[in-house]
Amino acid sequence: DAGITQSPRYKITETGRQVTLMCHQTWSHSYMFWYRQDLGHGLRLIYYSAAADITDKGEVPDGYVVSRSKTENFPLTLESATRSQTSVYFCASSVSGTGVNQPQHFGDGTRLSIL
Amino acid sequence: AQSVTQLDSQVPVFEEAPVELRCNYSSSVSVYLFWYVQYPNQGLQLLLKYLSGSTLVKGINGFEAEFNKSQTSFHLRKPSVHISDTAEYFCAVSGLQGAQKLVFGQGTRLTINP
């Protein structure tokens with residue numbers, strides 16, 4: 001049971017660089033989510049996806065791009081990284097959002113530092 | 001839109017003492033309620049959830065929470081804590097429809113002292 005895997009676990013980069021965080025889940029869950037965790041803010045939703053090729057903005061989408069060409073993968077790209085995007089990023093997935101509630105399952109996170 | 005307020009950013013308690021972590025929410029529609037736990041350098045694990053029915057919900061590791069609709073609260077309790085309960089705890093809400101996106105509180109760091 002591999003579950004949900006994020007890579008890399010740690011990343012250091014410089015301002016202005018492009019960086020992509022990977023998320024892979026083995027459950028075939030339809031919904032996937034990206035959150036960022038910052039002290040004093042808890043977790044905030046960046047983007048989410050209801051299915052392959054369907055994505056939508058969350059609370060803090062500016063500066064981020066997502067894609068979902070396959071159900072199991074949901075990469076998050078920072079096209080031109082800024083210091084304010086230094087954070088811990090979590091990917092999550094769930095079976096379905098409508099009707100019967102299923103909890104979201106979280107990866108172990110990617111700690112991203114932008115110098 | 002929903003919002004969640006966790007009333008304590010840090011809660012220190014002694015081992016085997018009871019603990020309550022407080023959570024209040026705001027929403028114009030019905031919500032689902034959750035408590036997640038985060039151990040150091042790990043992702044979030046679901047402790048318990050309230051969907052409907054009995055307002056007292058039991059979760060893993062001996063935790064329970066009570067949904068109070070009139071006070072819009074969902075406080076987490078444990079009668080006797082262990083050193084291993086040291087972690088960050090997050091209260092979260094979601095709507096009932098669609099993606100059921102989670103809105104999180106700021107988190108409460110629970111520290112258990114021997």
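Chain naming here is simple, since letters A, B, ... match the order of the sequence lines and numbering starts at 1 in each.
Following chains of ILVMFWY side-chain contacts shorter than 4.5 Å, one cannot reach Leu21(A) starting from Phe33(A), and the two form parts of different hydrophobic clusters. Residues Leu47(B) and Phe90(B) do not share a hydrophobic cluster, clusters being chains of Ile/Leu/Val/Met/Phe/Trp/Tyr side chains in contact below 4.5 Å. Hydrophobic cluster membership differs between Leu56(B) and Leu33(B), with clusters built from Ile, Leu, Val, Met, Phe, Trp and Tyr side chains linked at under 4.5 angstrom. Both Val37(B) and Val11(B) are part of a single hydrophobic cluster, where members link through side-chain heavy atoms under 4.5 Å apart. Note: the hydrophobic cluster containing Leu21(B) also contains Phe67(B) (ILVMFWY, side chain heavy atoms under 4.5 Å, direct or indirect links).
In this structure, Ile83(B) places its CD1 atom where more than 12 heavy-atom neighbours from other residues, nucleotides or ligands lie under 6.0 Å away. Enclosure of atom CD in Glu20(B) by more than 12 non-hydrogen atoms of other residues, nucleotides or ligands within 6.0 angstrom is indicated. Counting non-hydrogen atoms of neighbouring residues, nucleotides and ligands closer than 6.0 angstrom, the CZ atom of Arg9(A) exceeds 12 such neighbours.
At a 4.5 Å heavy-atom cutoff, the contact between Gln37(A) and chain B is made by side-chain atoms alone. Contact of Glu88(B) with chain A is not made at all, since no heavy-atom distance falls under 4.5 Å.
Contacts from residues 82-89 of chain A to chain B, taken as heavy-atom pairs separated by less than 4.5 Å, involve no residues at all. For residues 106-115 of chain A, a heavy-atom distance under 4.5 Å to chain B picks out Phe106(A), Gly107(A), Asp108(A), Arg111(A), given by residue number.
Paired with Leu43(A) under the rule side chain to side chain contact (heavy atoms under 4.5 Å, CB included), one option of Val103(B), Leu44(B), Leu102(B) passes, and it is Leu44(B).
A pairwise comparison of heavy atoms in Lys101(B) and Gln104(A) identifies CA-NE2, 4.4 Å as the closest pair.
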